[in-house]
Amino acid sequence: MKKHVVILAAAVLVVSIMAAYAATDALVGACIYKFDDTFMTGVRNAMRAEMERQGGELEIVDSQNRQPMQNDQVDAYISKGANALIVNPVDRTAAEPLMNKAKADGLPIVFINREPYAEVMNAYDKIWYVGAKAEESGTQSGQIIVDYFKAHPEADRNKDGKIQYIMIRGEQGHQDATLRTEYSTKAIKDGGFEIVELGNDTANWDKVQATDKMKGFISAVGVDAIEAVLANNDDMALGAIEALKAEGYNLGDASKYIPVVGVDATAPALEAMSKGEMLGTVLNDADNQGIAAVKVAVVAADGGEVTEQSIGYSITDGKYIWIPYRPVTVENYKEFMK
Ligand code: BGC
Ligand code: CA
């Protein structure tokens, strides 16, 4: 008798677990602005892993940094009968026609990483945005510099009480580039430091371009004049570090060290931190962004209501899923290594 009760209980448990994880048969079509982007590769991997758990089908294509190509890819997904779209726009100002394509078909569309303008977000009821508040990452990266200069007064190498810095920006027009630039310097000023900008240029999120730009700054002002480097992402921070290393800096000699901060907490950045080459970064949570995007797409594709309960993430204004950033310093970087 007892045995039967146990078996019955086990059976009920199995059935309810199966119900909770009922596989979707949705086909979700995703476009990534370009595959050759370290951070977006992390998001892509998280999306795939989540769809594997969900049991549906996820197709992901490379838009090769070309908006017209991405528009065609969206058309192709619609004609093959995709049940939802996930789009990382090449150009966030070009999201409107993509929204209209989805709207014409009543298809759910989830934008990620490059935020469409509010008027586009408000023009359709089956549109969502999954991303992170760029202001937060700017503030946190500036704060890392503030903490460092408070703990290391000798970092003010020319002893003028000001921080002489280089800013390396992401792609022009990307909300993360604009806001990280603005809020990182604001945080340093709010932290009580005067700042002097020795150089400021875009390197389009790219490591190699950042090395080139940094070499240019070094030859213009001299490496000794630079007291800090702020980069809008980790790839560019690592690019700047390459240029510093070529001058004998950031190789382990404490008297030849320039604090560099990035954003993302990519594996190579955490590695550079572990070697003492890079001061800090900010976690841009690729895993949770990828998971949330797929969850929203699947729930909407299956005709469900996208709510905090159904996706497991909080939702602002019914359509924004903001994934928090976190400061990553020498004290906690190991937590983020995979
Ligand atoms: C990331 C960058 C990435 C960019 C792509 C940003 O949020 O920090 O590393 O290149 O998104 O759009
Ligand atoms: Ca100084």
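Residue numbers start at 1 and run along the sequence shown. Quick note: numbers below take in every heavy atom, side chains included, and nothing from hydrogens, waters or symmetry partners.
Heavy-atom neighbours of Glu52 CD from other residues, nucleotides or ligands within 6.0 Å: at or below the threshold of 12. Heavy-atom neighbours of Asp36 CG from other residues, nucleotides or ligands within 6.0 Å: at or below the threshold of 12. Other residues, nucleotides and ligands contribute at most 12 non-hydrogen atoms within 6.0 Å of the CD atom of Glu305. No more than 12 heavy atoms of other residues, nucleotides or ligands lie within 6.0 Å of CD in Gln172, so this atom counts as exposed by the packing criterion. No more than 12 heavy atoms of other residues, nucleotides or ligands shown are found within 6.0 angstrom of NZ on Lys186.
Here the CZ-CE distance, from Phe336 to Met273, works out to 9.0 Å after rounding to the nearest 0.5 Å. Between the CD1 atom in Ile78 and the CG atom in Leu85 there is a gap of 5.5 Å [rounded to 0.5 Å]. The distance from the CD atom of Gln67 to the CG atom of Asp91 is 5.5 Å, given to the nearest 0.5 Å. Considering NE2 of His152 and CG of Asp147, their distance stands at 10.0 Å, rounded to 0.5 Å. Here NZ of Lys213 is found 10.5 Å from CE of Met236. Values are rounded to the nearest 0.5 Å. Separation of atoms OH (Tyr313) and CD (Gln289) is listed at 9.5 Å; rounding is to 0.5 Å.
A side-chain hydrogen bond (donor to acceptor under 3.5 Å, both in side chains) with Arg169 holds for exactly one of Asn200, Asn233, Asn204; it is Asn200. Screening Thr38, Asp176, Asp235 for a side-chain contact (heavy atoms from CB on, under 4.5 Å) with Trp205, the sole residue that qualifies is Asp176. Between Ile32 and the options Gln73, Gln64, Arg44, a side-chain contact (heavy atoms from CB on, under 4.5 Å) holds for only Arg44.
The shortest distance between side-chain heavy atoms of Met47 and Glu50 does not fall below 4.5 Å. Put simply, the side chain of Asn113 reaches to within 4.5 Å of the side chain of Phe39, judged on heavy atoms. Residues Leu107 and Lys126 fail the side-chain proximity criterion, which asks for heavy atoms closer than 4.5 Å. The shortest distance between side-chain heavy atoms of Val110 and Val87 does not fall below 4.5 Å. The side-chain heavy atoms of Leu98 and Phe111, taken from C-beta on, include a pair separated by under 4.5 Å. Taking the side chain as every heavy atom from C-beta outward, Val261 and Thr281 never approach each other to under 4.5 Å. Glu59 has its side chain within reach of Glu57: a pair of non-hydrogen atoms, C-beta onward, lies under 4.5 Å apart. Counting heavy atoms from C-beta on, the side chains of Glu171 and Arg114 come closer than 4.5 Å.
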side-chain hydrogen bond (donor to acceptor under 3.5 Å, both in side chains) evaluation trace for Asp37 with Tyr33
CA-CA 9 Å; Asp37 177 292; Tyr33 93 98; 2.4 Å; yes
For the pair Thr181 and Met167, evaluate side-chain contact (heavy atoms from CB on, under 4.5 Å) and give the outcome as yes or no after the intermediate values.
CA-CA 7 Å; Thr181 300; Met167 174 68 70; 3.9 Å; yes
Assess the residue pair Asp287 and Lys338 against the criterion (side-chain contact (heavy atoms from CB on, under 4.5 Å)); give the C-alpha distance rounded to whole Å, side-chain angles, the decisive distance to 0.1 Å, and a yes or no.
CA-CA 12 Å; Asp287 286 347; Lys338 287 181 187 166; 3.1 Å; yes
Criterion side-chain contact (heavy atoms from CB on, under 4.5 Å) on Ile168 and Asp201, from CA distance to verdict
CA-CA 5 Å; Ile168 303 181; Asp201 204 347; over 6 Å; no
Step by step, work out the side-chain contact (heavy atoms from CB on, under 4.5 Å) result for Ile86 and Ile109.
CA-CA 6 Å; Ile86 296 177; Ile109 185 162; over 6 Å; no
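Among residues at least two apart or in separate chains, side-chain hydrogen bond (donor to acceptor under 3.5 Å, both in side chains) pairs with a member in residues 240-249 are Asp224-Tyr249, Lys245-Glu277. Residue pairs meeting the side-chain hydrogen bond (donor to acceptor under 3.5 Å, both in side chains) criterion with at least one partner in residues 258-271, sequence neighbours excluded, are Asp264-Asn284.
Glu194 places no side-chain N or O within donor-acceptor distance of the main-chain N or O of Gly161, the cut-off being under 3.5 Å. Panel note: side chain Lys162, backbone Phe193; no donor-acceptor pair is recorded below 3.5 Å. The backbone N or O of Val90 sits less than 3.5 Å from a side-chain atom of Gln70, completing a donor-acceptor pair. Checking side-chain atoms of Thr41 against main-chain N and O of Phe35 turns up a donor-acceptor pair under 3.5 Å. Using a distance-only test at 3.5 Å, with no hydrogens or angles considered, a donor-acceptor pair links the side chain of Asn332 to the main chain of Pro327. Under a 3.5 Å cut-off, the side chain of Ser63 and the backbone N or O of Asn65 do not form any donor-acceptor pair. A distance-only check finds a donor-acceptor pair linking the side chain of Glu227 to the backbone of Asn158 [under 3.5 Å]. Listed for the Asp105 side chain is no donor-acceptor partner under 3.5 Å among the backbone atoms of Ala102. Looking at Asp302, its side chain never comes within 3.5 Å of a backbone N or O of Gly304 through a donor-acceptor pair. Side-chain atoms of Asp234 come within 3.5 Å of backbone atoms of Ala265 as a donor-acceptor pair (strictly under, hydrogens ignored).
Residue Lys215 comes nearest to Ala243 through the heavy atom pair CG-CB, 3.8 Å, listed as atom of the first residue, atom of the second, then distance. Pairing each heavy atom of Ile226 with each of Ile258, the nearest pair is O-CD1, 3.5 Å. Nearest approach of Thr307 to Ser310, heavy atoms of both residues: N-OG, 2.8 Å. Across all non-hydrogen atoms, the minimal contact from Gly55 to Ala23 is CA-CB, 4.3 Å. Heavy atoms only, all atoms of each residue included: Ala46 and Ala286 are closest at CB-O, 3.8 Å. Annotation for Tyr129 and Pro116: closest pair CD1-CD, 3.8 Å, computed over non-hydrogen atoms.
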Check: residues 315-325 side-chain donor-acceptor pairs under 3.5 Å, at least two apart:
{"residue": "Lys319", "atom": "NZ", "partner": "Met121", "partner atom": "O", "Å": "2.6"}
{"residue": "Lys319", "atom": "NZ", "partner": "Tyr124", "partner atom": "O", "Å": "2.8"}
{"residue": "Tyr325", "atom": "OH", "partner": "Arg180", "partner atom": "NH2", "Å": "2.8"}

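Hydrophobic clustering places Val229 together with Val221 (ILVMFWY residues linked when any side-chain heavy atoms are closer than 4.5 Å, directly or through intermediates). Cluster membership check: Val294 shares its hydrophobic cluster with Val28, using side-chain heavy-atom separations under 4.5 Å among Ile, Leu, Val, Met, Phe, Trp and Tyr. Ile291 is connected to Val299 through a chain of hydrophobic side-chain contacts under 4.5 Å among Ile, Leu, Val, Met, Phe, Trp and Tyr, so both are in one cluster. Neither Val282 nor Met278 shares a network with the other; the hydrophobic side chains, linked directly or stepwise wherever heavy atoms of I, L, V, M, F, W or Y lie under 4.5 Å apart, form separate groups for each. Connection of Met51 to Val296 is established within a shared hydrophobic cluster, with ILVMFWY side chains joined at heavy-atom distances below 4.5 Å, either directly or through further cluster members.
Electrostatic pairing of Lys101 and Glu96 does not count as a salt bridge here, judged by no charged N lying under 4.0 Å from a carboxylate O. The pair Lys133-Glu115 fails the salt-bridge criterion, with no side-chain N (NZ, NE, NH1 or NH2) lying under 4.0 Å from an Asp/Glu carboxylate O.
Stacking of Arg92 on the aromatic ring of Tyr117 is not recorded, the 6.0 Å distance cut-off and the 45° axial limit not both being met.
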